Amino acid sequence: MKTKLNWVFSLLIASIFTVNVMAQAVKPAIVEIIGKKSSAFKFGAFADIKGYGITDIKQWHNRVVVFANTAKPDELKGRIMKDFPEDKIILFENPFYNFNRKYCNNKTVAKQWDNIILSANLVADTKLQEQYLNYHATQFQKWPEVSQGFCNANFQQLLVFKNGRQLMLVISIPKGESLDKLNPLTTKNNPRVNDWNNLMKKYQQGIEGTKKGEVWVFFKNVDNKKIIE
């Protein structure tokens, strides 16, 4: 009887542990800081932000993005708000599109990645926004050539986040590789990807601060590498 009780107790503890682990699942998230002036950022402030799985901090003009794999995105946002109280802080979580190597015949995953982060807006038309989201929700089934193109280019993951009309795109490639080198492989002998890209253009426009005709903008690594834990 005692052995049976011990077994039940162990099972209960294991179940509680499993629930806690699931509750603390680590997920990708982006926190964007839109500052009044690009020179106003004190990047050293990020050195004190520990325990949130920050992997990249990048900048475009007066915008800084913090990319993390974290179980506490809201806490991370709150922590950043304390350091930048006068700036606009936006949280991007729960990507509506998530490509990874499970969609490839070769499911090998690189040990280290470089993350390329871009941003654009959806057009203001709500019906077109809905169409855009629907296209992405069914892309793996109706446009399999697109994910095959990502496989051909050795993309490790591709995430698309949305907050309001703003999109954040994360393209992860093997560390040391070049997006300029890999990206053409998505369309090589694969014209369907060109069709997809051309179709998506009518749904996208540049964020505030872009030049005429400019849509997706690239965030660049900041100079001070020490700010990333």
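Keep in mind that what you see is a predicted model, and the values were worked out from it rather than measured.
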Short side-chain to backbone donor-acceptor contact, [X] and [Y], under 3.5 Å:
X: N163; Y: L91; result: yes
X: N62; Y: G35; result: yes
X: R165; Y: L122; result: yes
X: N134; Y: E130; result: yes
X: K162; Y: G164; result: yes

With the 4.5 Å side-chain cut-off for hydrophobic clustering, are [X] and [Y] part of the same group?
X: V31; Y: Y52; answer: yes
X: F161; Y: I117; answer: yes
X: V217; Y: L158; answer: no
X: L76; Y: I34; answer: no
X: F155; Y: L169; answer: yes

How long is the straight-line distance from [atom2] of [Y] back to [atom1] of [X], given to the nearest 0.5 Å?
X: K175; Y: D114; atom1: NZ; atom2: CG; answer: 4.5 Å
X: Q166; Y: R63; atom1: CD; atom2: CZ; answer: 5.0 Å
X: L159; Y: N98; atom1: CG; atom2: CG; answer: 5.0 Å
X: M81; Y: D87; atom1: CE; atom2: CG; answer: 10.5 Å
X: L199; Y: Q131; atom1: CG; atom2: CD; answer: 9.0 Å
X: T70; Y: I54; atom1: OG1; atom2: CD1; answer: 8.5 Å

Passing candidate, ring-ring contact (aromatic ring centres under 6.0 Å, His included) with H136, options W196, F99, Y203
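The option that passes is W196.
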
Check [X] against [Y] and note the closest heavy-atom contact, atom names and distance.
X: F67; Y: A29; result: CD1-O, 3.3 Å
X: T55; Y: N115; result: OG1-ND2, 3.8 Å
X: F219; Y: E32; result: CZ-OE2, 4.0 Å
X: S119; Y: I207; result: OG-CG2, 3.9 Å
X: Q204; Y: W216; result: OE1-NE1, 3.1 Å
X: G209; Y: H61; result: O-CD2, 4.3 Å

Do F96 and L167 pass the side chain to side chain contact (heavy atoms under 4.5 Å, CB included) test, and can you show the C-alpha distance, the side-chain angles, and the key distance before you say yes or no?
CA-CA 10 Å; F96 65 85; L167 304 173; 4.0 Å; yes

Aromatic contact between F140 and Y103, with the criterion being ring centroids under 6.0 Å apart: yes or no?
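Distance test on ring centres: under 6.0 Å, yes.
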
Evaluate the side chain to side chain contact (heavy atoms under 4.5 Å, CB included) criterion for residues W60 and K220: first the C-alpha distance (whole Å), next the side-chain angles of each, then the deciding distance (0.1 Å), finally the verdict.
CA-CA 6 Å; W60 180 80; K220 296 183 179 180; over 6 Å; no

Distance-only donor-acceptor check, side chains Q156 and S172, under 3.5 Å
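Q156 vs S172: no donor-acceptor pair found between side chains.
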
Is there a donor-acceptor contact under 3.5 Å linking the side chains of S178 and D180?
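Their side chains do not contain a donor-acceptor pair, so the 3.5 Å distance test is not met.
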
Output every pair passing salt bridge (charged side-chain N to carboxylate O under 4.0 Å, His left out) with a member in residues 88-110, not counting sequence neighbours, ordered by first then second residue.
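Qualifying pairs: none.
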
Non-hydrogen side-chain atoms of [X] and [Y] separated by less than 4.5 Å:
X: V215; Y: T210; result: no
X: I171; Y: L118; result: yes
X: N154; Y: P174; result: yes

Crowded around E86 CD? As in, over 12 foreign heavy atoms under 6.0 Å?
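No, CD of E86 has 12 or fewer neighbouring heavy atoms, counting only those of other groups under 6.0 Å.
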
Over 12 non-hydrogen atoms of neighbours within 6.0 angstrom of CG in N198:
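Counting other residues, nucleotides and ligands, CG of N198 exceeds 12 neighbours.
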
Go through the steps for D195 and R192 under the test side chain to side chain contact (heavy atoms under 4.5 Å, CB included), then give the verdict.
CA-CA 5 Å; D195 295 339; R192 186 78 162 155; 4.3 Å; yes

Using the six-membered ring wherever Trp is involved, compare the ring planes of Y135 and W143 and label them parallel, tilted or perpendicular (cut-offs 30° and 60°).
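Ring orientation, 0 to 90° scale: perpendicular.
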
Listed once per pair and sorted, the side chain to side chain donor-acceptor pair (under 3.5 Å) pairs that draw on residues 144-153, sequence neighbours left out
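Applying side chain to side chain donor-acceptor pair (under 3.5 Å) to every pair that reaches into residues 144-153, excluding sequence neighbours, yields Q148-N152.
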
For side chain to side chain contact (heavy atoms under 4.5 Å, CB included), just list the numbers for I49 and D83, CA-CA rounded to whole Å, side-chain angles, deciding distance to a tenth of an Å, and then say yes or no.
CA-CA 10 Å; I49 303 179; D83 288 326; 4.1 Å; yes

